[in-house]
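Data block below; observations after.
Note that ligands are numbered from 1 as they come in the structure, with each ligand's atoms numbered from 1 the same way.
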Amino acid sequence: MTRLLAVVAASVCLTSCGSPPPADLVLLNGRVYTVDAAQPWAEAVAVSGDRIVAVGTTAEIRRLRGEGTRTIELGGAFVSPGFNDAHVHIDGTGALLVGVNLLDVHEPAAFTERVAGAAARLPKGSWITRGDWGAYEQWSAGSSGRAGTTGGADQPFTPDRSLIDGVTPDHPVLVNRFDRSVFLANSRALELAGITERTRAPAGGEIARDASGRLTGILKGSAVDLVRTVIPPVPFEQRLVQVRAVLQEAREGGVTTMQDLTSAAQLMAYQELKKRGELTARIMLRPTLDNVEHTAALGLSRGFGDGWLKFVGYKAWVDGIMGSSGAMFFEPYDHDPTNKGLVRTIMFPEGKEGAALSMTAAQHYTDFPPGNLEKLIERAVETGIPPHIHAIGDKGNRIILDLYQKILTEHGMIDSDHRWRVIHAQVAHPDDFERFGRLHLVAEVNPYHVSDDMRWMEERIGAERSKGAYAFRTLKDAGAVLIFGSDSPGTNAARYYLSPVYGLYAAVTRQTLTGEPAEGWFPGQRLTIEEAIEAYTKGPAWASFEEDLKGTVSVGRLADLAVFDTNLVEVGQSSPVDLLKAKVLYTIVGGRVVFAGT
Ligand SMILES: [Zn+2]
């Protein structure tokens, strides 16, 4: 049965009673997965302006066509709500797409070629930075880590500036190995930094020379700062180019909303692109929590903005990340017995210096006097904008759960509709899962991390702690609202793509991209494809207080739609590996077709 937008029908009735106005766009003969429990499947959708005005059978929707209606014959293609990526670093993704990605590079020819490619894309004079070479040198992509190290060399690949000088005469370069232990500057960068063969390395730094005393371009430790200090900020025009590149990747993946981690410079770029009509995805804004004094002073509250750019949360961090063994655990890393991870600077000053690091599994962070993070969250409560806080290790998660529990309790907010988030919730202590439900928290998780991180997860934290890693089923059963994000562009140790098929595949299979291990990594934590799609559409919309606007293909919602050549639900059930081959045919945002594939 067709479900017409009552308001439209009613207003039309005033003038020409009987038929609603013709739709601007209709999609016919599809397999429409609505994520709306009231009507899970349909054949066709009608759009008027930026809204969905009818969802029903092809025959029903065909009747809504008029003279100016654009018709898309889907021929059985699959339609879902546009994907809503709950965790994107647009800034970093753009820098990587336009700049240089060396994550999977650990040999000379490819190194030269990739840097040359970046030089061709970037205007003369602009810097080529980061790169993160060597992330797949010890554990190759697709490895589950079970067979131990694969493809590792005894000596890690270390480039020389001679590899890139020839292809970067007009671009200064400062790229690094993924773990940031080693940096490479080209001759142009060394020159701008005033580093010569006679320069002495500052204390705690190293300027590498070969046997003949010639600079190799390799810099370590504090010597890197000699170059860093001469790198100018990213020019505004280049920032626009970077954001455009991210919008393109989003369009191509069927992503219609990105929940960003937003700097001031980025917000300026988004506003400029919005003004120019170039936004093809909606961007949910999340400045860092240490800005709360400024936003509170301005009276900015939750939902400030519009459908394209909207203030939805504050981002903060408890601990580091797994990729660099900075995530904070009660017990040391298995591969690094003196390391239990680290605390992010936004936590400082802590109530008692070193409280986080000294805390044991029998303790709670709130046993110590309040530190900076607690004060900042308190301040956020007054603004009505929810905290979205990163926690990865079991201790990191304990700390944020302790803080949330204390503050929500003190404000009588535990059972209120607060929708506070734990970002990543990556490895939780067995005692702590139930609190995700009891405190009504949103777990903003990154399913594709499973496919990539299992390369080294058990080697780093052992099988026992790994049981609590990416424990999506346990989190969901505990009552957390799961929402999915790509975490694009990845960490310094891995590339994560905006295309949602990677996350869907990982959540459903818990396998690497090459299908390892056959039974899935901790297969009890697998989700169904329906649960996974919901966590990538309806869930993130709800978590941003936008459930009335998007997240389902329903009458009255924004016409944000993704059309795939593959029935994601069907292959997710029967042959999940085919999710990875699914191609986007159309991406529609606010009723406008922003991408049409071939
Ligand atoms: Zn992230």
Side-chain angles (χ1 to χ4, degrees), residues 83-97 101 103 130 132 135 178-180 242-243 246 249-250 253 255 257-263 266-267 281 283-291 312-328 341-347 373 386-393 396-397 400 420-428 441-453 457 469-470 472 482-500 502-503 506-507 535-536 539-540 543-544:
F83 283 82
N84 185 330
D85 190 325
H87 191 103
V88 185
H89 302 258
I90 296 180
D91 188 346
T93 306
L96 192 71
L97 288 173
N101 174 7
L103 282 161
R130 204 172 143 168
D132 295 322
F178 75 98
D179 59 6
R180 292 173 201 161
Q242 292 177 356
V243 178
V246 182
E249 192 180 309
V255 174
T257 295
M258 291 184 278
Q259 306 196 18
D260 186 37
L261 306 160
T262 318
S263 67
Q266 284 291 112
L267 181 50
I283 301 177
M284 301 296 108
L285 310 168
R286 300 191 285 182
T288 54
L289 181 58
D290 51 356
N291 283 302
V312 298
Y314 288 115
K315 167 84 189 274
W317 299 259
V318 173
D319 57 349
I321 61 169
M322 284 300 303
S324 54
S325 305
M328 202 165 36
L342 53 86
V343 186
R344 297 291 271 265
T345 47
I346 200 166
M347 295 269 291
L373 186 59
H388 296 177
I389 299 184
H390 159 127
I392 296 209
N397 277 281
I400 198 56
W420 287 14
R421 302 191 197 177
V422 179
I423 297 181
H424 305 307
Q426 211 166 86
V427 186
L441 296 174
V442 176
E444 179 186 313
V445 299
N446 317 101
Y448 183 64
H449 285 190
V450 180
S451 288
D452 198 89
D453 292 2
M457 203 69 183
Y470 318 103
F472 305 147
L482 280 186
I483 66 170
F484 283 176
S486 64
D487 203 7
S488 171
T491 65
N492 52 331
R495 175 78 168 97
Y496 306 138
Y497 297 93
L498 284 172
S499 167
Y502 293 96
Y536 232 140
S544 310

Polar protein atoms near the Zn ion (ligand 1) [N, O or S; cut-off under 2.8 Å]:
His87 NE2, His89 NE2, Asp487 OD1
Is the shortest side-chain N to carboxylate O distance from Glu444 to Arg286 below 4.0 Å?
yes
Who passes side-chain contact (heavy atoms from CB on, under 4.5 Å) against Leu103, sequence neighbours left out?
Asn101, Asp132, Ala135, Tyr136, Arg495
Would you call the rings of Phe484 and Tyr536 parallel, tilted or perpendicular, where under 30° means parallel and over 60° means perpendicular?
perpendicular
Closest non-hydrogen atoms of Met457 and Ala469, given as atom of the first, atom of the second and distance, are CE-CB, 3.9 Å
Note, Arg344 side chain near Leu373 side chain (heavy atom, < 4.5 Å)
no
As a test of understanding, state which of His424, His388, His449 forms a ring pair (Phe, Tyr, Trp, His ring centres under 6.0 Å) with His87.
His424
